[in-house]
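Here is the structure we will look at.
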Amino acid sequence: MPELPEVESLRRLLARSVIGRTIVSAQINEPRLRRAVAPDFRSAVGGRTIEGLRRRAKYLIVDLSGGSSMLVHLGMSGSLTHRDARFAPGQFDSRHDHVCFQLDDQSALVYNDPRRFGLLKLVPRGELDSTAELKAIGPEPIGEGFNVNYLMDKTRGRRAAIKTVLMDQRVVAGIGNIYAAEILFRAGVKPTRRAGRLTRLEAEQIVGATPAILREAIDSRGTTFRSYRDSRGRPGKFASRLKVYGRAGEPCYACSTTIRNTVVGQRASFYCPHCQR
DNA sequence: AAACATTCCTGCACGC
DNA sequence: TGCGTGCAGGAATGTT
């Protein structure tokens with residue numbers, strides 16, 4: 001699931017229900033994620049109050065009392081769901097509910113991740129920006145840092161495909177395979193275009209399309225392409241608004257040309273050969 | 001049964 | 001030669 005819009009949707013939803021709640025206890029059923037959950041994780045979060053929720057790139061940051069923050073990454077298949085007291089017991093997924101946080105109102109925050117590519121890590125709040133996961137992340141795409149001059153600067157001399165560059169977290173934060181495809185369609189730029197050969201006008205189109213697409217996706221609570229669910233277990237609605245992703249063989253909504261799927265940087269890449277140049 | 005929403009690592013090629 | 005950078009490829013893994 002999880003690119004920037006999904007994580008941002010998750011942050012907003014959880015903010016309503018878990019800020020101010022205290023973690024009574026944490027239960028780790030399976031520590032082997034992308035990297036193993038630290039041995040002291042359980043004791044370090046126990047008794048802490050959730051003071052705030054932030055997002056950086058595709059990471060959810062859970063600020064805890066006592067000065068530490070929990071970095072959460074959902075990998076390919078992760079989800080964090082808030083389960084109501086009355087449903088919590090019966091909803092246990094013994095196979096993939098890897099970490100379970102019991103909150104002080106009898107509800108539970110559950111980290112579920114079938115493929116276990118995700119990450120759960122505690123970091124002293126002051127060290128967040130310099131921690132391995134975040135230190136090299138580029139500017140947020142919704143914000144002034146991601147502008148035309150910046151994109152032109154970052155792409156000059158690069159012969160990688162523009163789509164690959166857009167998905168490079170060091171260039172810009174939070175864009176993955178689905179939204180890169182949608183952004184490039186909106187911008188009218190082929191995913192295979194060499195980044196270094198972007199014209200200024202094309203860079204403007206991309207920089208303009210990026211926050212637009214991401215905002216629309218956030219407003220729809222993200223995309224459920226396969227199995228993503230939000231913090232209340234609901235699918236996102238943006239899937240029905242995808243213009244190219246997953247639509248190979250179907251007609252372009254703008255010009256009826258058949259949408260193609262080609263491999264760019266080892267990732268499936270959908271585009272309209274007529275609308276995108 | 002091939003494909004897959006993410007990140008991280010290795011190794012090669014190239015240029016200074 | 002040595003070093004840094006860019007880029008391709010592959011691995012991690014379970015589900016549909």
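Because the structure is predicted, anything quoted here is derived from the model rather than measured. Within every chain, numbering begins at 1; the chains are lettered A, B, ... in the order of the sequence lines, protein sequences first and strands thereafter.
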Exercise for review: Quick one: do Ser107(A) and Ser17(A) satisfy side-chain contact (heavy atoms from CB on, under 4.5 Å)? Show the steps, please.
Suggested key: CA-CA 10 Å; Ser107(A) 67; Ser17(A) 53; over 6 Å; no

**Study point:** Whole-Å distance separating the CZ atom of Phe117(A) from the C1' atom of dG14(C)
**Key:** 8 Å

Review point. Between dC4(B) atom C1' and Arg116(A) atom CZ, what is the distance in whole Å?
Key: 17 Å

Point to revise | Arg158(A) side-chain proximity, nearest of dG14(C), dG9(C), dC7(C) | key: dC7(C)

Exercise for review: Rounded to the nearest 0.5 Å, what's the gap from CE on Met167(A) to OH on Tyr179(A)? Could you check?
Suggested key: 13.0 Å

Exercise for review: Please work out the stems of DNA chain C from pairs that are Watson-Crick or G-U wobble with both distances under 3.5 Å, keeping only runs of three or more consecutive pairs.
Suggested key: B:2-4 with C:14-16, B:6-16 with C:2-12

Exercise for review: Starting at atom CG of Asp113(A), determine the distance to atom C1' of dA12(C), rounded to an integer number of angstrom.
Suggested key: 12 Å

Exercise for review: Let me know, please, whether Ile175(A) or Arg159(A) comes out on the 5' side of the other along DNA chain B by nearest nucleotide.
Suggested key: Ile175(A)

Study note, to complete from the structure: Lys58(A) NZ to dC8(B) P, in whole Å, measures 10 Å

Review point. Whole-Å distance between dG6(C) C1' and Arg170(A) CZ?
Key: 9 Å

Point to revise | Nearest-Å distance for atom pair CZ/C1', residues Arg35(A) and dA11(C) | key: 16 Å

**Study point:** Single-linkage hydrophobic cluster Tyr271(A)~Phe185(A), side-chain heavy atoms < 4.5 angstrom
**Key:** no

Practice item. Let me know, please, whether Phe270(A) or Arg34(A) comes out on the 5' side of the other along DNA chain B by nearest nucleotide. Key: Phe270(A)

Review point. Got a second to check how far Glu204(A)'s CD is from Leu151(A)'s CG, nearest 0.5 Å?
Key: 10.5 Å

Review point. When you check the phosphate oxygens OP1 and OP2 of dT7(B), does a side-chain N or O of His73(A) lie under 4.0 Å from one of them?
Key: yes

Review point. Would you say the side-chain atoms of Glu202(A) pair up with the backbone N or O of Thr199(A), donor to acceptor, closer than 3.5 Å?
Key: yes

Check your understanding: Would you say the side-chain atoms of Ser65(A) pair up with the backbone N or O of Thr49(A), donor to acceptor, closer than 3.5 Å?
Key -> yes

Exercise for review: Remember a base hit wins even if backbone is also touched, and classify Arg267(A) as base, sugar-phosphate or nothing at under 4.0 Å, heavy atoms.
Suggested key: base

**Study point:** Nucleotide nearest Met76(A) when distance is taken to its side chain, options dC8(B), dC4(B), dT13(C)
**Key:** dC4(B)

Review point. Does Arg21(A) count as lying over the ring of Phe101(A), i.e. NZ or CZ under 6.0 Å from the six-ring centre, within 45 degrees of the axis?
Key: no

Review point. In terms of side-chain heavy atoms of Gln266(A), which of dT15(C), dG10(C), dT6(B) is nearest?
Key: dG10(C)

Review point. Picking from dG14(C), dC7(C), dT6(B), which would you name as closest to the side chain of Ala160(A)?
Key: dC7(C)

Practice item. Just compare dC8(B), dT6(B), dG14(C) and give me whichever is closest to any side-chain atom of Tyr59(A). Key: dC8(B)

Review point. For the side chain of Arg115(A), counting heavy atoms from C-beta on, which of dG9(C), dC8(B), dG14(C) is nearest?
Key: dG14(C)

Check your understanding: Which one, dC7(C), dC4(B), dG10(C), comes nearest to the side chain of Ala268(A)?
Key -> dC4(B)

Review point. Looking only at heavy atoms, which two atoms of Leu64(A) and Arg125(A) are closest? And how far apart?
Key: O-NH2, 3.2 Å

Practice item. Look at the side chain of Gln169(A) and decide which nucleotide, out of dT7(B), dT15(C), dC7(C), has an atom nearest to it. Key: dT7(B)

Practice item. Tell me which nucleotide among dT6(B), dC8(B), dC4(B) gets nearest to the side chain of Glu3(A). Key: dT6(B)

Check your understanding: Distance check: side-chain N/O of His96(A) vs OP1/OP2 of dT13(C), anything under 4.0 Å?
Key -> no

